[in-house]
Amino acid sequence: MQIGIFTVGDVTTDPTTGRTPSEHERIKATVAIARKAEEVGLDVFATGEHHNPPFIASNPTATLAYIGAQTERIILSTATTLITTTDPVLIAEDYAKVQHLTDGRVDLMMGRGNTGPVYPWFGKDIRQGINLAIENYALLRRLWTEDVVDWEGRFRTPLQGYTSTPRPLDGVPPFVWHGSIRSPEIAEQAAYYGDGFFHNHIFWPASHTAQMVRLYRERFEHYGHGRADQAIVGLGGQFFMRRNSQDAVREFRPYFDNAPVYGHGPSLEDFTRQTPLTVGSPQEVLERTLSFREYAGDYQRQLFLVDHAGLPLKTVLEQLDLLGEILPEMRKGFAEGRPADVPDAPTHASLVAAAGGARDTSVHAEDTMTGTTDREEVQA
(Lines give C-alpha, C1' and ligand atoms only; values in the text may rest on other atoms or scores of the structure.)
Protein backbone atom coordinates (compact mmCIF):
# COMPACT_ATOMS: atom_id res chain seq x y z
CA MET A 1 0.00 0.00 0.00
CA GLN A 2 1.38 3.37 -1.03
CA ILE A 3 0.33 6.36 1.07
CA GLY A 4 1.11 9.89 0.03
CA ILE A 5 -0.12 13.37 -0.78
CA PHE A 6 -0.97 15.39 -3.85
CA THR A 7 -1.21 19.09 -4.61
CA VAL A 8 -3.25 21.02 -7.13
CA GLY A 9 -0.95 24.02 -6.75
CA ASP A 10 -3.60 26.64 -6.07
CA VAL A 11 -2.60 30.16 -5.08
CA THR A 12 -5.37 31.12 -2.67
CA THR A 13 -5.79 33.95 -0.20
CA ASP A 14 -5.66 32.90 3.43
CA PRO A 15 -9.14 33.87 4.66
CA THR A 16 -7.93 34.29 8.25
CA THR A 17 -5.21 36.83 7.42
CA GLY A 18 -6.19 38.21 4.01
CA ARG A 19 -2.69 37.43 2.72
CA THR A 20 -2.15 35.84 -0.69
CA PRO A 21 1.20 34.12 -1.30
CA SER A 22 3.18 35.00 -4.40
CA GLU A 23 3.67 32.45 -7.15
CA HIS A 24 7.31 32.20 -6.11
CA GLU A 25 6.36 31.42 -2.51
CA ARG A 26 3.85 28.79 -3.60
CA ILE A 27 6.31 27.09 -5.95
CA LYS A 28 8.99 26.91 -3.25
CA ALA A 29 6.38 25.73 -0.74
CA THR A 30 5.54 22.82 -3.05
CA VAL A 31 9.14 21.67 -2.87
CA ALA A 32 9.21 22.02 0.93
CA ILE A 33 6.01 19.98 1.21
CA ALA A 34 7.43 17.21 -0.96
CA ARG A 35 10.61 17.05 1.11
CA LYS A 36 8.55 16.95 4.30
CA ALA A 37 6.46 14.12 2.86
CA GLU A 38 9.58 12.00 2.44
CA GLU A 39 10.83 13.01 5.91
CA VAL A 40 7.68 11.73 7.66
CA GLY A 41 7.79 8.44 5.76
CA LEU A 42 5.21 8.86 3.01
CA ASP A 43 5.57 6.88 -0.21
CA VAL A 44 4.30 9.27 -2.89
CA PHE A 45 4.26 12.96 -3.72
CA ALA A 46 2.10 13.98 -6.69
CA THR A 47 1.46 17.29 -8.42
CA GLY A 48 -1.38 18.27 -10.71
CA GLU A 49 -1.13 20.11 -14.01
CA HIS A 50 -2.87 23.45 -14.53
CA HIS A 51 -2.07 26.16 -17.06
CA ASN A 52 -4.17 29.00 -15.70
CA PRO A 53 -4.22 31.33 -12.71
CA PRO A 54 -4.58 30.91 -9.79
CA PHE A 55 -2.40 27.76 -10.10
CA ILE A 56 1.36 27.25 -10.28
CA ALA A 57 1.21 23.59 -11.34
CA SER A 58 2.20 24.03 -14.98
CA ASN A 59 5.28 22.13 -16.22
CA PRO A 60 5.13 19.28 -13.68
CA THR A 61 8.20 17.66 -15.24
CA ALA A 62 10.41 20.51 -14.05
CA THR A 63 8.85 20.35 -10.58
CA LEU A 64 9.28 16.58 -10.26
CA ALA A 65 12.84 16.62 -11.56
CA TYR A 66 13.80 19.37 -9.12
CA ILE A 67 12.20 17.53 -6.20
CA GLY A 68 13.81 14.31 -7.35
CA ALA A 69 17.23 15.90 -6.98
CA GLN A 70 16.46 16.75 -3.34
CA THR A 71 14.92 13.45 -2.28
CA GLU A 72 16.10 9.87 -2.21
CA ARG A 73 13.19 7.50 -1.72
CA ILE A 74 9.76 8.98 -2.35
CA ILE A 75 7.91 8.16 -5.58
CA LEU A 76 7.15 11.25 -7.66
CA SER A 77 3.96 11.30 -9.65
CA THR A 78 1.66 13.56 -11.53
CA ALA A 79 -1.78 14.03 -10.03
CA THR A 80 -2.91 14.80 -13.55
CA THR A 81 -1.03 14.67 -16.83
CA LEU A 82 -3.25 16.31 -19.43
CA ILE A 83 -3.28 13.53 -22.01
CA THR A 84 -5.90 15.47 -23.96
CA THR A 85 -3.99 18.69 -24.61
CA THR A 86 -0.34 17.67 -24.20
CA ASP A 87 1.33 16.13 -27.22
CA PRO A 88 2.01 12.44 -26.46
CA VAL A 89 5.43 12.81 -28.11
CA LEU A 90 6.32 15.44 -25.51
CA ILE A 91 4.94 13.29 -22.67
CA ALA A 92 6.97 10.31 -23.86
CA GLU A 93 10.21 12.28 -23.96
CA ASP A 94 9.74 14.39 -20.84
CA TYR A 95 8.73 11.65 -18.44
CA ALA A 96 11.28 9.16 -19.71
CA LYS A 97 13.89 11.84 -18.98
CA VAL A 98 12.52 12.39 -15.45
CA GLN A 99 12.45 8.61 -15.01
CA HIS A 100 16.20 8.47 -15.73
CA LEU A 101 16.99 11.46 -13.53
CA THR A 102 15.14 9.95 -10.55
CA ASP A 103 16.34 6.36 -11.07
CA GLY A 104 12.81 5.19 -11.77
CA ARG A 105 10.98 7.06 -8.98
CA VAL A 106 8.28 8.43 -11.26
CA ASP A 107 4.86 7.44 -12.52
CA LEU A 108 1.99 9.27 -14.20
CA MET A 109 -1.70 9.80 -13.71
CA MET A 110 -3.42 10.52 -17.00
CA GLY A 111 -6.48 12.75 -16.98
CA ARG A 112 -8.52 15.25 -18.93
CA GLY A 113 -8.35 17.99 -16.30
CA ASN A 114 -11.23 20.18 -15.19
CA THR A 115 -10.37 23.49 -16.88
CA GLY A 116 -12.36 23.89 -20.08
CA PRO A 117 -10.40 26.82 -21.61
CA VAL A 118 -7.18 24.78 -21.64
CA TYR A 119 -8.35 22.97 -24.76
CA PRO A 120 -8.31 25.95 -27.16
CA TRP A 121 -5.12 27.26 -25.52
CA PHE A 122 -3.40 24.15 -26.85
CA GLY A 123 -5.32 24.00 -30.10
CA LYS A 124 -7.76 21.27 -29.10
CA ASP A 125 -11.54 20.91 -29.07
CA ILE A 126 -13.08 20.17 -25.67
CA ARG A 127 -15.88 18.27 -27.40
CA GLN A 128 -13.27 15.70 -28.38
CA GLY A 129 -11.97 15.25 -24.82
CA ILE A 130 -12.64 11.52 -24.50
CA ASN A 131 -11.47 10.77 -28.06
CA LEU A 132 -8.28 12.76 -27.48
CA ALA A 133 -7.58 10.85 -24.27
CA ILE A 134 -8.03 7.51 -26.02
CA GLU A 135 -6.01 8.27 -29.15
CA ASN A 136 -3.18 10.14 -27.44
CA TYR A 137 -2.66 7.45 -24.85
CA ALA A 138 -2.61 4.70 -27.48
CA LEU A 139 0.18 6.61 -29.24
CA LEU A 140 2.07 7.23 -26.00
CA ARG A 141 2.19 3.51 -25.25
CA ARG A 142 3.64 2.80 -28.68
CA LEU A 143 6.25 5.54 -28.28
CA TRP A 144 7.44 3.91 -25.05
CA THR A 145 7.33 0.28 -26.20
CA GLU A 146 8.42 0.51 -29.86
CA ASP A 147 11.80 1.82 -30.96
CA VAL A 148 10.51 3.10 -34.31
CA VAL A 149 6.94 4.29 -34.71
CA ASP A 150 4.91 4.89 -37.86
CA TRP A 151 1.56 6.36 -36.88
CA GLU A 152 -1.39 8.31 -38.22
CA GLY A 153 -4.45 9.48 -36.30
CA ARG A 154 -7.11 12.18 -36.13
CA PHE A 155 -5.62 14.81 -33.84
CA ARG A 156 -1.96 15.36 -34.71
CA THR A 157 0.37 15.15 -37.69
CA PRO A 158 1.51 11.64 -38.69
CA LEU A 159 4.79 10.12 -37.51
CA GLN A 160 7.15 8.33 -39.87
CA GLY A 161 10.09 6.37 -38.52
CA TYR A 162 10.03 8.30 -35.24
CA THR A 163 12.06 7.24 -32.20
CA SER A 164 11.27 8.84 -28.84
CA THR A 165 14.37 9.55 -26.77
CA PRO A 166 15.52 8.83 -24.20
CA ARG A 167 14.12 5.32 -24.17
CA PRO A 168 12.45 4.27 -20.89
CA LEU A 169 14.83 3.40 -18.07
CA ASP A 170 15.75 -0.32 -17.99
CA GLY A 171 13.34 -0.91 -20.87
CA VAL A 172 10.30 -0.31 -18.65
CA PRO A 173 8.05 2.76 -19.06
CA PRO A 174 6.72 4.61 -16.01
CA PHE A 175 3.61 3.03 -14.52
CA VAL A 176 0.41 4.78 -15.58
CA TRP A 177 -2.73 5.48 -13.58
CA HIS A 178 -5.84 6.85 -15.27
CA GLY A 179 -7.55 9.42 -13.09
CA SER A 180 -11.22 10.28 -13.28
CA ILE A 181 -14.05 11.64 -11.19
CA ARG A 182 -17.04 10.93 -13.39
CA SER A 183 -16.11 9.30 -16.73
CA PRO A 184 -16.73 5.55 -17.13
CA GLU A 185 -14.82 5.70 -20.42
CA ILE A 186 -11.62 6.40 -18.49
CA ALA A 187 -12.23 3.48 -16.12
CA GLU A 188 -12.73 1.34 -19.23
CA GLN A 189 -9.49 2.63 -20.74
CA ALA A 190 -7.52 1.79 -17.60
CA ALA A 191 -9.03 -1.69 -17.50
CA TYR A 192 -8.36 -2.34 -21.19
CA TYR A 193 -4.63 -1.74 -20.80
CA GLY A 194 -4.34 -3.29 -17.35
CA ASP A 195 -3.19 0.06 -15.95
CA GLY A 196 -4.12 1.57 -12.61
CA PHE A 197 -7.36 3.46 -12.01
CA PHE A 198 -7.33 6.41 -9.61
CA HIS A 199 -10.60 7.85 -8.42
CA ASN A 200 -10.46 11.45 -7.23
CA HIS A 201 -12.74 10.52 -4.29
CA ILE A 202 -13.01 14.07 -2.98
CA PHE A 203 -16.18 15.73 -4.23
CA TRP A 204 -18.54 12.79 -4.60
CA PRO A 205 -20.23 10.44 -2.12
CA ALA A 206 -18.86 6.98 -1.39
CA SER A 207 -21.58 5.36 -3.51
CA HIS A 208 -20.27 7.07 -6.64
CA THR A 209 -16.68 6.07 -5.91
CA ALA A 210 -17.77 2.49 -5.28
CA GLN A 211 -19.63 2.39 -8.60
CA MET A 212 -16.66 3.67 -10.62
CA VAL A 213 -14.17 1.36 -8.91
CA ARG A 214 -16.48 -1.62 -9.35
CA LEU A 215 -16.80 -0.89 -13.08
CA TYR A 216 -13.03 -0.73 -13.45
CA ARG A 217 -12.50 -3.95 -11.51
CA GLU A 218 -15.10 -5.84 -13.55
CA ARG A 219 -13.64 -4.66 -16.85
CA PHE A 220 -10.06 -5.37 -15.67
CA GLU A 221 -11.10 -8.99 -15.15
CA HIS A 222 -13.02 -9.02 -18.46
CA TYR A 223 -9.85 -8.10 -20.36
CA GLY A 224 -7.93 -10.96 -18.75
CA HIS A 225 -5.50 -9.04 -16.55
CA GLY A 226 -6.46 -10.93 -13.38
CA ARG A 227 -9.34 -11.18 -10.97
CA ALA A 228 -11.39 -8.10 -10.19
CA ASP A 229 -9.94 -7.90 -6.70
CA GLN A 230 -6.44 -7.85 -8.19
CA ALA A 231 -7.01 -4.67 -10.19
CA ILE A 232 -4.80 -1.69 -9.32
CA VAL A 233 -6.86 1.00 -7.59
CA GLY A 234 -5.95 4.35 -6.07
CA LEU A 235 -8.11 6.80 -4.13
CA GLY A 236 -7.87 10.46 -3.27
CA GLY A 237 -8.92 11.96 0.04
CA GLN A 238 -8.50 15.01 2.21
CA PHE A 239 -8.33 15.81 5.89
CA PHE A 240 -7.53 18.46 8.44
CA MET A 241 -6.22 17.29 11.81
CA ARG A 242 -5.60 18.71 15.23
CA ARG A 243 -5.13 16.86 18.50
CA ASN A 244 -8.63 17.90 19.51
CA SER A 245 -11.53 17.50 17.06
CA GLN A 246 -13.13 20.77 18.06
CA ASP A 247 -9.90 22.64 17.41
CA ALA A 248 -9.65 21.07 13.95
CA VAL A 249 -13.19 22.09 13.01
CA ARG A 250 -12.77 25.63 14.36
CA GLU A 251 -9.47 26.20 12.57
CA PHE A 252 -10.42 24.65 9.24
CA ARG A 253 -13.92 26.13 8.91
CA PRO A 254 -12.91 29.51 7.41
CA TYR A 255 -10.70 27.74 4.85
CA PHE A 256 -13.52 25.40 3.90
CA ASP A 257 -16.14 28.15 3.75
CA ASN A 258 -14.02 30.26 1.39
CA ALA A 259 -12.29 27.56 -0.67
CA PRO A 260 -12.49 28.33 -4.42
CA VAL A 261 -13.65 24.80 -5.22
CA TYR A 262 -16.38 24.12 -2.66
CA GLY A 263 -16.68 27.30 -0.64
CA HIS A 264 -20.01 29.10 -0.29
CA GLY A 265 -21.81 25.80 -0.84
CA PRO A 266 -22.68 22.95 1.55
CA SER A 267 -21.78 23.38 5.19
CA LEU A 268 -18.62 21.79 6.51
CA GLU A 269 -20.73 19.32 8.47
CA ASP A 270 -22.76 18.31 5.41
CA PHE A 271 -19.68 17.98 3.24
CA THR A 272 -17.79 15.80 5.72
CA ARG A 273 -20.86 13.61 6.10
CA GLN A 274 -21.41 13.19 2.35
CA THR A 275 -17.79 12.96 1.11
CA PRO A 276 -14.48 11.52 2.40
CA LEU A 277 -13.32 14.90 3.80
CA THR A 278 -12.39 14.28 7.44
CA VAL A 279 -11.88 17.13 9.89
CA GLY A 280 -11.01 15.99 13.37
CA SER A 281 -8.47 14.18 15.49
CA PRO A 282 -5.74 11.89 14.13
CA GLN A 283 -7.70 8.88 15.36
CA GLU A 284 -10.79 10.02 13.44
CA VAL A 285 -8.75 10.48 10.27
CA LEU A 286 -7.21 7.05 10.72
CA GLU A 287 -10.55 5.30 11.23
CA ARG A 288 -12.26 7.12 8.37
CA THR A 289 -9.44 6.36 5.95
CA LEU A 290 -9.37 2.68 6.81
CA SER A 291 -13.12 2.53 6.19
CA PHE A 292 -12.57 3.26 2.48
CA ARG A 293 -11.84 -0.45 2.00
CA GLU A 294 -15.46 -1.21 2.85
CA TYR A 295 -16.62 0.08 -0.53
CA ALA A 296 -13.42 0.18 -2.63
CA GLY A 297 -11.96 -3.17 -1.64
CA ASP A 298 -8.27 -3.72 -1.03
CA TYR A 299 -6.50 -1.05 -3.02
CA GLN A 300 -2.93 0.05 -3.70
CA ARG A 301 -2.56 3.83 -3.34
CA GLN A 302 -4.05 6.45 -1.03
CA LEU A 303 -3.23 10.11 -1.69
CA PHE A 304 -4.40 13.05 0.43
CA LEU A 305 -4.87 16.69 -0.50
CA VAL A 306 -3.50 18.77 2.38
CA ASP A 307 -2.20 22.10 1.01
CA HIS A 308 -5.16 23.84 -0.60
CA ALA A 309 -7.65 26.62 0.16
CA GLY A 310 -5.05 29.10 1.40
CA LEU A 311 -3.62 27.02 4.25
CA PRO A 312 -0.22 28.47 5.18
CA LEU A 313 2.88 26.37 4.71
CA LYS A 314 3.46 26.08 8.47
CA THR A 315 0.02 24.53 8.92
CA VAL A 316 0.52 22.13 6.02
CA LEU A 317 3.81 20.90 7.47
CA GLU A 318 2.07 20.38 10.81
CA GLN A 319 -0.56 18.30 9.03
CA LEU A 320 2.18 16.11 7.59
CA ASP A 321 3.74 15.64 11.02
CA LEU A 322 0.37 14.42 12.33
CA LEU A 323 -0.06 12.12 9.35
CA GLY A 324 3.40 10.72 10.01
CA GLU A 325 2.38 9.89 13.56
CA ILE A 326 -0.57 7.74 12.49
CA LEU A 327 1.19 6.32 9.43
CA PRO A 328 2.33 3.07 11.11
CA GLU A 329 -1.20 2.32 12.31
CA MET A 330 -2.61 3.22 8.90
CA ARG A 331 -0.23 0.80 7.20
CA LYS A 332 -1.08 -1.88 9.75
CA GLY A 333 -4.80 -1.34 9.24
CA PHE A 334 -4.58 -1.58 5.48
CA ALA A 335 -2.53 -4.79 5.79
CA GLU A 336 -4.95 -6.56 8.13
CA GLY A 337 -6.95 -9.18 6.26
CA ARG A 338 -5.44 -8.28 2.92
CA PRO A 339 -5.29 -11.43 0.73
CA ALA A 340 -1.78 -12.50 -0.17
CA ASP A 341 -2.58 -12.55 -3.90
CA VAL A 342 -3.80 -8.96 -4.03
CA PRO A 343 -0.85 -7.18 -5.66
CA ASP A 344 1.15 -4.39 -4.11
CA ALA A 345 1.31 -1.02 -5.80
CA PRO A 346 3.62 -1.21 -8.83
CA THR A 347 7.10 0.29 -8.53
CA HIS A 348 9.90 0.58 -11.04
CA ALA A 349 11.68 -2.34 -9.38
CA SER A 350 8.62 -4.59 -9.52
CA LEU A 351 7.95 -3.69 -13.15
CA VAL A 352 11.55 -4.43 -14.10
CA ALA A 353 11.36 -7.78 -12.31
CA ALA A 354 8.09 -8.64 -14.07
CA ALA A 355 9.74 -7.83 -17.42
CA GLY A 356 12.52 -10.33 -16.74
CA GLY A 357 15.15 -7.85 -15.64
CA ALA A 358 16.65 -4.54 -16.68
CA ARG A 359 17.57 -3.95 -20.31
CA ASP A 360 19.52 -1.15 -21.95
CA THR A 361 17.16 -0.05 -24.70
CA SER A 362 19.23 2.91 -25.91
CA VAL A 363 18.77 3.41 -29.64
CA HIS A 364 21.98 3.98 -31.62
CA ALA A 365 20.63 5.25 -34.90
CA GLU A 366 22.63 5.93 -38.03
CA ASP A 367 23.48 9.54 -38.75
CA THR A 368 22.18 10.19 -42.26
CA MET A 369 24.89 12.82 -42.80
CA THR A 370 27.99 10.83 -41.77
CA GLY A 371 26.81 7.26 -42.11
CA THR A 372 27.94 6.42 -38.57
CA THR A 373 26.00 5.54 -35.46
CA ASP A 374 26.21 7.59 -32.30
CA ARG A 375 27.88 4.61 -30.62
CA GLU A 376 30.64 4.67 -33.26
CA GLU A 377 31.08 8.41 -32.83
CA VAL A 378 31.58 8.00 -29.08
CA GLN A 379 34.13 5.22 -29.61
CA ALA A 380 36.01 7.34 -32.13
Side-chain angles (χ1 to χ4, degrees), residues 1-10 43-51 55 57-58 60-61 63-64 75-86 88 91 94-95 98 106-116 118-119 126 129-138 140-141 173-204 206 208-217 219-220 231-238 261 275-276 292 296-297 299-308 345-346:
M1 183 68 173
Q2 294 174 346
I3 302 172
I5 59 171
F6 72 99
T7 180
V8 296
D10 60 309
D43 304 304
V44 183
F45 172 82
T47 178
E49 180 179 349
H50 292 276
H51 296 273
F55 298 95
S58 62
T61 49
T63 304
L64 296 180
I75 295 171
L76 305 172
S77 179
T78 56
T80 305
T81 295
L82 298 181
I83 188 64
T84 47
T85 54
T86 307
I91 294 175
D94 280 357
Y95 287 97
V98 177
V106 65
D107 57 33
L108 286 83
M109 189 187 303
M110 300 298 175
R112 290 182 293 146
N114 58 7
T115 306
V118 73
Y119 285 83
I126 192 172
I130 291 290
N131 293 328
L132 281 162
I134 293 170
E135 180 177 295
N136 284 352
Y137 184 60
L140 176 62
R141 286 180 64 93
F175 185 74
V176 169
W177 303 79
H178 298 261
S180 179
I181 298 175
R182 63 194 179 278
S183 302
E185 296 92 340
I186 302 303
E188 177 78 13
Q189 183 182 37
Y192 176 79
Y193 289 109
D195 294 336
F197 176 66
F198 189 93
H199 194 271
N200 175 278
H201 196 225
I202 287 180
F203 305 117
W204 294 65
H208 175 76
T209 300
Q211 184 178 24
M212 291 287 285
V213 170
R214 182 169 59 251
L215 170 65
Y216 162 68
R217 289 188 183 278
R219 300 303 288 171
F220 181 94
I232 307 300
V233 174
L235 297 181
Q238 53 184 330
V261 174
T275 78
F292 298 164
Y299 60 108
Q300 283 76 17
R301 176 174 283 188
Q302 174 65 57
L303 300 184
F304 297 104
L305 176 63
V306 297
D307 71 326
H308 63 127

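What you see is a predicted model; the values in this text were computed from it and never measured.
- With hydrogens and angles ignored, the 3.5 Å screen pairs no side-chain donor or acceptor of Gln302 with any backbone N or O of Gln2.
- Rounding to the nearest 0.5 Å places CZ of Phe197 at 13.5 Å from CZ of Phe220.
- Closest non-hydrogen pair, Ile232 versus Phe175, comes out as CG2-CZ, 4.1 Å.
- No side-chain heavy atom of Ile202 sits less than 4.5 Å from a side-chain heavy atom of His308.
- Other residues, nucleotides and ligands place no more than 12 heavy atoms under 6.0 Å from the CD atom of Gln211.
- Phe55 and Val8 get closest at one heavy-atom pair: CD2-O, 3.3 Å.
- Using modelled atom types, one side-chain atom of Arg217 and one backbone atom of Ala296 make a donor-acceptor pair closer than 3.5 Å.
- Proximity of a side-chain donor or acceptor of Thr78 to a complementary backbone N or O of Met109 within less than 3.5 Å is detected.
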(Q) Please determine whether ring-ring contact (aromatic ring centres under 6.0 Å, His included) holds for the pair His199 and Tyr216, giving the CA-CA distance in whole Å, both sets of side-chain angles, and the decisive distance to 0.1 Å. (A) CA-CA 10 Å; His199 194 271; Tyr216 162 68; over 10 Å; no
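- What you find for Gly48 and Pro60 is that their closest heavy atoms are O-CB, 4.1 Å.
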Q: Would you sort out whether Gln300 and Val233 count as a side chain to side chain contact (heavy atoms under 4.5 Å, CB included), showing the intermediate values?
A: CA-CA 6 Å; Gln300 283 76 17; Val233 174; 4.2 Å; yes
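- Atoms OG and CG, on Ser180 and Asn200 in that order, are 8.5 Å from each other to the nearest 0.5 Å.
- Although no hydrogens or angles enter the test, the distance criterion places no donor-acceptor pair under 3.5 Å between the side chain of Asp307 and the main chain of Thr7.
- Remark: Ser183 OG to Glu188 CD distance equals 12.5 Å, nearest 0.5 Å.
- Across every non-hydrogen atom of Leu76 and Leu64, the tightest pair is CD1-O, 3.3 Å.
- Taken from CD1 in Ile83 to CD in Glu135, the straight-line distance is 10.5 Å, to the nearest 0.5 Å.
- With ring centers used as reference points, Tyr137 lies under 6.0 Å from His178.
- The closest side-chain heavy-atom distance from Ile130 to Ile186 is below 4.5 Å.
- For the pair Phe198/Leu303, a side-chain contact is recorded, criterion being any heavy-atom separation below 4.5 Å from C-beta on.
- By the neighbour-count criterion of 12 heavy atoms within 6.0 Å, atom OH of Tyr192 is sparsely surrounded, having that number or fewer from other residues, nucleotides or ligands.
- Pro276 and His201 get closest at one heavy-atom pair: CG-O, 3.1 Å.
- Residues Phe6 and Val44 have side chains not in contact (no heavy-atom distance under 4.5 Å, counting atoms from C-beta outward).
- The two residues Trp177 and Asp107 come nearest to each other via the heavy atoms NE1-OD2, 3.7 Å.
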Q. For Asp94 and Thr86, what are the C-alpha separation, side-chain angles and deciding distance, and is it a side chain to side chain contact (heavy atoms under 4.5 Å, CB included)?
A. CA-CA 11 Å; Asp94 280 357; Thr86 307; over 6 Å; no
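- You'll find the side chain of Gln189 stays beyond 4.5 Å of the side chain of Met110, heavy atoms only.
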Q: Take Tyr95 and Thr81 through the test side chain to side chain contact (heavy atoms under 4.5 Å, CB included) and record every step on the way to the result.
A: CA-CA 10 Å; Tyr95 287 97; Thr81 295; 3.8 Å; yes
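- Two residues are said to be in side-chain contact when any heavy atoms from C-beta on lie closer than 4.5 Å; Thr275 and Phe203 fail this criterion.
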